[in-house]
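Single-structure report; data block below.
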Amino acid sequence: MRLRQSNNNSAGVGTPDEPVLVCGSGIAGCLAALRIASRSPVVMVTKRALGGGSTLHAQGGIAAAIGPADSVEAHLRDTIAAGAGLCDHDAAEAVCAHGPACVRDLMELGVLFDGGDPPALGLEAAHGAPRIVHVDGDATGRGVMAALTAAVRAHANIELLEGMTVGAVTRLDGVATGVECIDGAGRRCSMNGRAVVLATGGIGQLFPFTTNPADATGDGIALAARAGAALADMEMVQFHPTALAVDSSPLPLISEAVRGAGAVLRDATGVRFLDGSDGVSELSPRDQVARAIYRRTLESGAPVSLDLRHLDGDEVRARFPGISAICRENGLDLARDLIPITPAAHYFMGGVLTDTRGRSSVPGLFAIGECASTGAHGANRLASNSLLEGALMAELAAEETLRPRDAWPAWPVGTAREPLALGPAAPDWRDRLGTAMWSGAGVERSRSDLAEASRRIATLVPPPDAEAANLLELGEVVLEAAAHRDESRGAHFRLDRPSADPAFAHRIGWCDGTPFDLPVGTLAPIRSAA
Ligand code: SIN
């Protein structure tokens, strides 16, 4: 193993003899590691087993404009429309343009998409054409991760450290030089690297209702913030409209593809309430559908259901085998029963502010995948664009980690900080955090609820463990950012400011607790990295 004590006198700054350190092992982390490893040694650190995390759970697939009547321009139009005025055009365009190559690259790595070559294309909400490829109907993440983890394990140039938690990104003279880690037995160690790539996923575990696995505790975002990196779009939490309303954590997802295949939504009285007559239909952008379901559930006091009973039962079960099995485990027949659903935290458009090469504001520190905020998704991610963005950013960041570091984005850099001190905490600590976040920064928000949630989470110090400390730090920023954006836009809906305000038609960055504007459509300012 390449572990060693950190050497504060070491140059260690982008020196080509150092490995690239990749933290996290979903689609972004694995693809980045594989791309870098063809030219440089990689050390890959993952806090549980290789290939855990959110990618594994992805049911919905990968959007790619490969249909005969489709185009990258049409995909881009849908992406930008969903993003509610906050998409970074260049980032969104790069993501959409990468769709066909992403599918081809994954096929080369052994991923078997449904329908073969060319793959079959499904329809999902807010897409103007069928353009989603899947694996085994509703198990895309599992199919992708099986291929990627096999390739990572087989690669001689990737040193894999599983069960290893990153406690800090080390910084020397303002440059990221490596990471400090702690293994399962509590042993601490440090590693230097020519670059640090964070690919650690989102923050779903901040909320009691989430489709994200237990790993989604925002570790990379908190680590980057403590190393002084700027964050962005921290108010932009996407709530998926249709998680199965059962008593479990995470909540099982009922993919948007189910509505794409014809499922309709009914309220507790059986009324189909999203038929498009008042501008919102079952296939409207996900923020609109989630809010309509949330409101109807609140008003009627009973869950909304998905109804597939008018569809061919055998076809439904064959097309969605994983979701059918989940329903069966919960005593439901996907094709014949009304399926109770609830909105749940699903994806974070916010995260570490990066450019389209994965560069954060701290030289040497990269972020890719859900822990990064490139602006590609704007205020509301279009379905099945996230694995695609993770794959693209893995390619671009991999290339950049190996280039000489001559210039770097000139966004604000904050002071490097220690993590919050841990201590004995109330046994219901997580419940209290989740309840405060859901009532303050859930599907509907208001200034007063946000302030109340901030007051409640301020009482949760000390946190019991490192993941809790990361969640607490990020929860504070999410609440602050949601109060700062004094309007409604995309996934961020403020009951007390229900309309969009042109004065907020820009992204918002955060550094050391201070907001700064990120005008949409301008390139990151560049400074010398020397
Ligand atoms: C889904 O299958 O509904 C989720 C897909 C996604 O989040 O992109």
Side-chain angles (χ1 to χ4, degrees), residues 20-33 36 42-48 50-55 161-171 176-182 191 193 195-206 212-234 236-237 347-355 357-362 364-374 386 389-390 393-394 397-398 401 414 416-417 419-420 465-475 477-478 509-511:
V20 175
L21 308 179
V22 176
C23 310
S25 63
I27 187 171
C30 285
L31 269 178
I36 296 164
V42 172
V43 176
M44 188 173 197
V45 184
T46 185
K47 71 175 170 179
R48 299 204 172 101
L50 174 67
S54 294
T55 304
L161 304 177
E162 296 175 275
M164 183 78 86
T165 299
V166 179
V169 172
T170 47
R171 216 176 91 171
T177 54
V179 294
E180 288 176 359
C181 296
I182 178 158
M191 286 171 268
V196 177
V197 181
L198 300 171
T200 52
I203 60 163
Q205 286 292 321
L206 262 179
N212 292 184
D215 318 22
T217 51
D219 303 343
I221 307 171
L223 289 167
R226 289 200 292 269
L231 308 181
D233 298 339
M234 292 297 288
M236 294 299 177
V237 179
Y347 185 83
F348 191 37
M349 280 76 72
V352 183
L353 172 62
T354 71
D355 66 3
R357 301 184 200 179
R359 299 182 296 185
S360 76
S361 67
V362 172
L365 181 61
F366 294 75
I368 53 175
E370 192 175 349
C371 74
S373 185
T374 61
S386 54
E389 194 213 23
M393 292 309 300
T401 58
R417 285 184 289 116
L420 293 173
D465 54 51
E467 289 183 336
N470 292 338
L471 285 172
L472 184 57
E473 286 203 23
L474 297 178
V477 190
V478 169
W510 290 86
C511 190

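For Ser360 (side chain) and Leu365 (main-chain N/O), a donor-acceptor pair under 3.5 Å exists by modelled atom type. Without hydrogens or angle criteria, Asp233 side chain to Gly350 main chain gives no donor-acceptor distance under 3.5 Å. When atom types are taken as modelled, the side chain of Ser361 and the backbone of Ala230 share a donor-acceptor pair closer than 3.5 angstrom. A donor-acceptor pair is defined here as one N or O able to donate and one able to accept, closer than 3.5 Å; no such pair exists between the side chain of Thr374 and the backbone of Asp355.
Across Met191 and Cys181, no two heavy atoms sit closer than the pair CE-SG, 3.4 Å. Shortest non-hydrogen contact noted between Gly220 and Val352 is O-CG2, 4.2 Å. Nearest heavy atom pair, residue Leu231 against residue Ala225, reads CD1-CB, 4.0 Å. The heavy-atom pair separating Ala372 from Ala367 by the smallest distance is CB-O, 3.4 Å. Between Arg171 and Thr177 the shortest heavy-atom distance is N-OG1, 4.1 Å. Between Glu162 and Leu50 the shortest heavy-atom distance is OE2-N, 2.7 Å.
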task = Report the C-alpha distance between Glu473 and Arg226 in whole Å, list the side-chain angles of each, state the deciding distance to 0.1 Å, and finish with yes or no for side chain to side chain contact (heavy atoms under 4.5 Å, CB included).
result = CA-CA 10 Å; Glu473 286 203 23; Arg226 289 200 292 269; 3.1 Å; yes
task = Mind running side chain to side chain contact (heavy atoms under 4.5 Å, CB included) on Val477 and Met234 for me, showing each step along the way?
result = CA-CA 7 Å; Val477 190; Met234 292 297 288; 3.9 Å; yes
ask   = Passes side chain to side chain contact (heavy atoms under 4.5 Å, CB included), Val478 versus Leu206? Steps please.
value = CA-CA 10 Å; Val478 169; Leu206 262 179; 4.2 Å; yes
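Considering only heavy atoms from C-beta on, Glu370 comes within 4.5 Å of Asn212 through its side chain. Contact annotation: the side chain of Ser373 never approaches that of Met349 to less than 4.5 Å [non-hydrogen atoms, C-beta and beyond]. Here the side chains of Ile368 and Leu198 are not in contact, with every heavy-atom distance at 4.5 Å or above. Contact check for Val179 versus Val196: side-chain heavy atoms found under the 4.5 Å cut-off. Residues Val20 and Val197 are in side-chain contact: their nearest non-hydrogen atoms beyond the backbone lie under 4.5 Å apart. Looking at Gln205 and Leu471, their side chains come closer than 4.5 Å, going by heavy atoms from C-beta outward. The shortest side-chain heavy-atom distance between Tyr347 and Val237 does not fall under the 4.5 Å cut-off. Looking at Met164 and Val45, their side chains come closer than 4.5 Å, going by heavy atoms from C-beta outward.
Judged by distance alone, the side chains of Glu180 and Thr170 never bring a donor and an acceptor atom under 3.5 Å apart. Side-chain contact check for Asp219 and Thr200: no donor-acceptor pair (N or O, by modelled atom type) lies under 3.5 Å.
Here the straight-line distance linking atom CG of Asp465 with atom CG of Asn470 works out to 9.0 Å at 0.5 Å rounding. To the nearest 0.5 angstrom, Ser25 atom OG is 11.5 Å from Leu161 atom CG.
Residues passing the ring pair (Phe, Tyr, Trp, His ring centres under 6.0 Å) test with Phe366 are Trp408, sequence neighbours excluded.
Of the charged side-chain nitrogens involved, at least one lies within less than 4.0 Å of a carboxylate oxygen, so that Glu467 and Lys47 count as a salt-bridged pair.
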